[in-house]
Structure formats: structure tokens, C-alpha cells
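Notes follow the structure.
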2 protein chains.
Amino acid sequence: MSKRKISIEDIARKAGVSHSTVSRALRDSPLISSKVREEIKRLAQEMNYVPNAIAQSLQNQRTYTVGVIVTSIADPFFGELVEGIEQVARLAGLNVLLNASHGDFDQEIAAIENFHYRRVDGILVADSRIGKHYTQQLTQFTVPTVLINIDTEDQSKTFHSVAIDDRLGGCLAVEHLLDLGHIRIGYLGVGDGSKADQQRLEGYRMALNQAGLTQNTNWVAIPQRDEQAISDIDIGKKMLPQLIAAGITGIFCYNDMVAVGALLACKELGISVPENLSLVGFDNIALASYITPPLTTVSQRMVEMGESAMTMLLELFEGKAVDNILLSPFLVKRESTATVSRAKKSVITLR
Amino acid sequence: MSKRKISIEDIARKAGVSHSTVSRALRDSPLISSKVREEIKRLAQEMNYVPNAIAQSLQNQRTYTVGVIVTSIADPFFGELVEGIEQVARLAGLNVLLNASHGDFDQEIAAIENFHYRRVDGILVADSRIGKHYTQQLTQFTVPTVLINIDTEDQSKTFHSVAIDDRLGGCLAVEHLLDLGHIRIGYLGVGDGSKADQQRLEGYRMALNQAGLTQNTNWVAIPQRDEQAISDIDIGKKMLPQLIAAGITGIFCYNDMVAVGALLACKELGISVPENLSLVGFDNIALASYITPPLTTVSQRMVEMGESAMTMLLELFEGKAVDNILLSPFLVKRESTATVSRAKKSVITLR
DNA sequence: CTGTTAGCGCGTTCAC
DNA sequence: GTGAACGCGCTAACAG
């Protein structure tokens, strides 16, 4: 905003009218004669007039801006989510203010305060790693807020949300392995206490129960909550061996990055996928289809999730009553899973 | 902004002072006695007062907001870039307004106009696929702007920029292949007319010249400019066969996604990498290290590029004179490249 | 149809 | 030290 831009007053002076006439003309008010309106519009164009959103906001009490909080922008998962959000926001004439929390509680609170300070019209929060802590912190504010993939105690009452059905996803993954003849099936989680981790594990258990299979605690590998933030890739690498030791033939991984980590560990250990071991991921990030072998995974359509959340926010703006959305994931079969017959043999051969 | 928030007037009334006293107290003006200042601050806290950034902006003529334009948010390349931008922006008390152009010229212009409308303090543009078209469009505005990886005619004069040294990158890639004994080296480009594509090709040629090698036009594969936007992956897939037919043993690819495409094509054709063919990418996106084989590539540190660009913008805000930045890429050796001896044999065996 | 006036919430002279 | 008054750029209520 270096040089002062021209205002409606400037063009009013030049047109020999009052500033309110200009304001009306520019906004196509029916109160203005078409002659002056055209003349004013011409002048505005000629003078390179750009209306001042700040002044409008002060008057309208609306900023046409939504705040979006994600864990990390560099994470492809959130990248696609934001892509969906931005797309429908732009179509609605809204802008996106982006903040990253890096999974840090304080930074997330700071981001929310910042959004209130800037008077955003609505807030979107996507940070599955933080959980339900800040339910209270959010309550004191009155800005329409939609939570994405976040579990809160009274989620359905106080907050609006769109989330993926993680339990269903877990079922789908395990059922797929069961269909392939696997019996010794493991879960490789992240242990961050998130709803996603817990519910995917629950889905895993449901599917096994339904199949009438006894479960072995050794089949579930979840790292200790660590002070150090450890990447999903490293979690997969680190936890794989103990599942192998437990004699499993198929693993449902918390997400694709964990699965990739497990895959890398397999390569180091000389375990070939899917011959010796079947791997199922979650998320269906782009990477999943490019690695070798392409990853069988439970797909959440992240762009669509962003679109849904933003659409819900728009409906809230209009005062509509909205229902929370639970999106259904679906299985994408690729080449990291195979029938167990081959796997059994290979594992035995391996010894 | 549903319910009207409380203003300094509200707390002024309650404190029995004027609103300007409150304003001063909150901003730690030395003109205010410490007693009233503390009392006012206490009141503000108690009443849950949140200053109104909009009103402040109108007064200060600053929004503490920067506009960022990228091609696509979902693209990991831009994701990391924005990550870097957002990080230093937040530390400086600035917020990021994010717009995606999807490589569309009109949308990009619209984004810029939108940013002016909203009176951002500065603009960051990263969209290597658009090129120099809109130099003029940008000129009429006076907002500090930093171009990221964009080539403009008079770049150094009118605009500020941070970019990667694509020519150097091309050299590094080809020199690596030469070191491995390759002589028949190809370039697989995208032909979008971007500076990046042209300069990487130029680097390729420089390295070959310097090695005293004669060049073969068949060794450069660049798709026809197509009406249909075709993905980088597909470009790699589609163009690989003709380079193979030309008898090359090593390929420098425009970027990692193109290289991944080429790699996938290799798998389909039964060409094993790096035994039969060496592949070098560009960008070093996360994917590059996870695929099989892990990709040797020219690395640009995208997060750092974002940080540099944002830092430059901050310096422009302070009225400092800044020099354009040309970041040096570096080679990351992984497993998609190998000495030519093996490759030669394999190729012959292949026939 | 158009001009005048009054805020939106805040920072900043200029007086006292 | 503090309050009154003005303006940032714009929309809207009220006159005419």
C-alpha cells in the first residue's frame, strides 16, 4: 500500500458528484440514472480505481475471508485438502488465510486468536494430531467453525464437522486381506492418541472379530509416545520387524507414509512385497501409486473433503442448519497385496 | 463476525475514560500513567477484548498480509514453498493469503487484482509455467512483489526475484552422468516454453560441449505443445521410448515427476534402472527418495526458496535495496544412476 | 434520482 | 497525563 490509491472521493470530484453517488453507481444501484452510472464507471476504469476491501469490511462487518489451520502445508495430505477448500472458497468470492500449526497446541491457539483478530468470517481446522484438547478454547468465540477429521467430546452438539469414517476404512483394509486368505494380520499404528489412529485400529478389530478370528496382542504394533516427534516413515521402518517376528503375513498401516516406511524396511530386510508380505495403507496420497509396488490403500478423497468442509461453512454463513458429514473411504487395490498362499511359502523359505 | 465484538469504546466507558486513552494504554504509550494502563489492560482481558485488525488496517494503511500465488497447492513442490513462506511470514507477524492459478493466465491476473483489492502489503508469485506474459500487467501496480522462479525480460530492473540456477542444475546432472561413463545422454523436457525447461536444456548442452561431445538432436525429447494439459508423469511415459530408440544410456529429466513417468515406462518395457538406463531428475521432491530405485536428482531446497522470497519481501518493506537471489541447486546421488559399462551390456542384451 | 450526514473501530494530532 | 476532534474509505439512512 505504498502510494495512496485513488478513492471514490477522487472520482467523485472529477465527475462533479458526491462520493455516495459514485458508491451507488459502482454497485449498480437502481437509484442512479444509467447515464451517470456509465460515465462514472468509465471514469473509474480510466483512473484505475480499485475498491478498498478493508474499508468495505469495516462497514459491512464481513471480511469475505476464512481462516484455515493445518498441521503442515508441505504435507501432501493437507495440500490436497487446502486445494479443495481454496477452490470452492474462490468460487464464492472468499479468500483463504492460511496458518500452519505444526501439531503444536500453542501455535494452533495462536492461529485461532489471530483469525479472530483479523475478523475472518469462518474458520476451518484440520489437525488430526491435536485431538479434543481445545474444545473449550474454541467455545468462547462465536465464529462459524468447521472441524475436519477432528474428534471432540460433544462434536455433534457444539461443533460442525466433516470427517472420514476411519472405522469403516479399517474394516475395508482388513477385509481385503482376509479375502486374500490372510489370517495373521497386523496393525501398524502411530500411537499419537488421535481419533484416526484409534478408530482405524477399532475397524481392524471389528473385521477380525467378524471373521471369527482370535486376536493376538503381538499383532498390533504401536510406538511409545515419544518426546521427539518421529516421522511416519520412520515409525513404519522401526515397527516393522516386530510384526514380522510375530509371524504376520499382512499388515494394515495407519497411513501411506507409515506403509512406505514399512516397505523400505522390507527392502532392507530382503522381504519382498507382496510375495512375502502384503501391505495396505491409508489416505491414497499421490505417492502411493508411484512407489514400487504400487500401494493398495484405503482412499480418502482429500480434495473432496476440503470442498465439503468449505461448502458446509458457506451454508453456515447463510444460516442454514447443517448435519455433520461422515465421508466413506474406499479401497484401492494395487500391487502391494496378494493371496496368502504365496506369502506363506516365501516366509517359510526365508527362514 | 456474527455478534458484535466489544471495542475500545466499550472498555473506555467501563473504565470511565475516553477511547483514545484506552487506545494509548493498550499500545503501551508512555503518555499514560502506569496505574490506569494496568487497570485498562486488566479490563480488556476481563472483557475478552480482541483488537480489530480491519479498523487498524484502515488507519495504518497496512494489512500485515501478503498474497501468495501458486500454480497448485496440492503440488508438493508448491506445498513446501508455501511452508517456507508461511513460516517466516508468521514470525514477522504477517499472514498469508493463498490463491491458486492452476497455470491459467486469467486466474493469475484475477488473483493479483484480488490482492490489490484487499490491499495486501506484498505479493509473492510462484508459477513457472506462465512465464513472462504478465510483466506489463504487474507494472501498473505499486505493491512490492517478489517473483519466484519466474523469468521476465527485464527481471533484474523492474522486479525482484529469487530463482534457482537451472543452467547449473542441468550441468550438474549431465556431468554426473558423464562421470559415470555415459556418452549417449538424453534430455527429456516438457516443452512448456518456461524458462526452467529452456535453461535446464541449456545446461545439458553446456555440459556436453564442455566434454567435447558431439550432440545428436534425437537425444532431446520434448513433446509438442499440446492443447490438452498433459501431466508431467504422462510426458515422461510418452517420451521415453523415442529416447531409448535413439540409443541413449542416460537421461536427464526436466523434473522428478517426468523421471517417475519415465521410470514407470521402463518397468512396462522391461528396462531396468539403473542397469539398463540411468535416470536423473530435478527438484528432489519427497517422492524421489521413496520410489524404487530412489531417484538421483538435482535438488532445489524449496522450503528455503520460500523463506528467501519472504525474507526479501520483508526487506523491501523496510525500504532496503535488495539484490535478486539465484539459488544453487546440488546433486543428490541415489540409485537410479550407475556406471555405463553395465548399461551398455544390458542394452545390447536387450535386443 | 442525488447530496448530506453518520457511523464502522481505531490511531493521532492538538488542545487543555 | 488526558479528552475532543478528525480521518482512513466506504455503505446506508435520511433529506430533498
Side-chain angles (χ1 to χ4, degrees), chain A residues 1-41 43-44 47-65 93 116-121, chain B residues 1-41 43-44 47-65 93 115-121 143:
Chain A
M1 291 167 78
S2 34
K3 291 175 190 168
R4 175 102 65 324
K5 298 220 170 184
I6 55 152
S7 69
I8 52 173
E9 309 246 8
D10 296 322
I11 114 154
R13 203 163 9 228
K14 205 148 194 167
V17 297
S18 79
H19 76 277
S20 45
T21 300
V22 175
S23 173
R24 284 190 270 249
L26 261 23
R27 316 192 91 247
D28 286 318
S29 162
L31 297 175
I32 302 292
S33 70
S34 52
K35 314 161 199 173
V36 277
R37 177 172 50 216
E38 292 314 315
E39 169 63 5
I40 286 176
K41 285 194 172 183
L43 259 177
M47 300 172 73
N48 259 319
Y49 169 70
V50 180
N52 186 327
I54 302 300
Q56 290 178 337
S57 291
L58 190 57
Q59 170 68 7
N60 300 337
Q61 304 283 44
R62 298 201 54 184
T63 55
Y64 294 95
T65 298
H116 282 272
Y117 165 56
R118 301 186 107 98
R119 299 299 193 268
V120 298
D121 293 336
Chain B
M1 289 164 79
S2 34
K3 292 173 189 168
R4 174 100 71 317
K5 297 219 172 186
I6 55 154
S7 70
I8 51 172
E9 309 248 6
D10 296 323
I11 114 155
R13 202 164 8 228
K14 204 148 195 168
V17 295
S18 76
H19 80 275
S20 41
T21 300
V22 176
S23 172
R24 285 189 268 248
L26 260 23
R27 317 192 90 248
D28 286 318
S29 161
L31 297 176
I32 302 293
S33 70
S34 51
K35 314 161 199 173
V36 276
R37 176 173 49 219
E38 292 315 315
E39 169 63 6
I40 286 177
K41 286 195 171 183
L43 259 178
M47 299 173 73
N48 259 319
Y49 170 70
V50 180
N52 186 327
I54 302 300
Q56 289 179 339
S57 292
L58 190 56
Q59 171 71 334
N60 301 336
Q61 303 285 45
R62 298 201 56 185
T63 55
Y64 295 96
T65 298
F115 287 156
H116 282 272
Y117 165 56
R118 301 186 109 99
R119 299 300 192 269
V120 298
D121 294 336
V143 176

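Sequence lines set the chain letters: A, B, ... in the order given, protein chains first and strands last, and positions in each chain run from 1.
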How many whole angstroms separate atom [atom1] of [X] from atom [atom2] of [N]?
X	N	atom1	atom2	answer
B:Glu9	C:dG7	CD	P	11 Å
B:Ile8	D:dG3	CD1	P	12 Å
A:Leu58	C:dC8	CG	P	9 Å
B:Arg13	D:dG3	CZ	P	14 Å
A:Arg62	D:dA12	CZ	C1'	17 Å
A:Ile54	D:dC8	CD1	P	16 Å
B:Ile11	D:dG3	CD1	P	12 Å
B:Leu26	C:dT12	CG	P	13 Å

Name the closest nucleotide to the [X] side chain, picking from [options].
X	options	result
B:Arg27	C:dC1, C:dG11, C:dC8	C:dG11
B:Thr21	D:dG3, D:dT11, C:dG11	D:dG3
A:Leu31	C:dC1, D:dT11, C:dC10	C:dC1
A:Ala55	C:dT12, C:dG9, D:dC10	D:dC10

With respect to the phosphate group of [N], does any side-chain polar atom (N or O) of [X] fall under 4.0 Å of OP1 or OP2?
X	N	answer
A:Tyr49	D:dC10	yes
A:Ser18	C:dG3	yes
A:Gln59	C:dA6	no
B:Ser33	D:dG1	no
B:Ser23	C:dG11	yes

Please work out if [X] contacts a base, only the sugar-phosphate, or nothing of the nucleic acid, heavy-atom cut-off 4.0 Å.
X	result
B:Gln56	sugar-phosphate
B:Ser20	base
A:Ile32	sugar-phosphate

Checklist entry - Only one of A:Leu26, A:Asp10, A:Leu43 clears side-chain contact (heavy atoms from CB on, under 4.5 Å) with A:Tyr49; which? => result A:Leu26
Item to check | Interatomic distance, B:Ile40 atom CD1 to B:Met47 atom CE [nearest 0.5 angstrom] | outcome: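 It comes to 11.5 Å.
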Next on the checklist: Quick one, B:Asn52 with A:Arg119, criterion side-chain contact (heavy atoms from CB on, under 4.5 Å). Give me CA distance, side-chain angles, the key distance, then yes/no.
Outcome noted: CA-CA 7 Å; B:Asn52 186 327; A:Arg119 299 299 193 268; 3.7 Å; yes
Checklist entry - Does A:His19 get its side chain close enough to the base of C:dT4, under 3.5 Å, for a donor-acceptor pair? => result no
Item to check | Residue closer to the 5' end of DNA chain C, A:Pro30 versus B:Arg24 (nearest nucleotide) | outcome: A:Pro30
Checklist entry - Is there a donor-acceptor pair under 3.5 Å between the side chain of B:Ser57 and the backbone N or O of B:Ala53? => result yes
Item to check | Residue pair A:Ser29, A:Arg27: steps toward the side-chain contact (heavy atoms from CB on, under 4.5 Å) verdict | outcome: CA-CA 6 Å; A:Ser29 162; A:Arg27 316 192 91 247; 5.6 Å; no
Checklist entry - More than 12 non-hydrogen atoms from neighbouring residues, nucleotides or ligands closer than 6.0 Å to NZ on B:Lys41, yes or no? => result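 Result for NZ/B:Lys41: enclosed.
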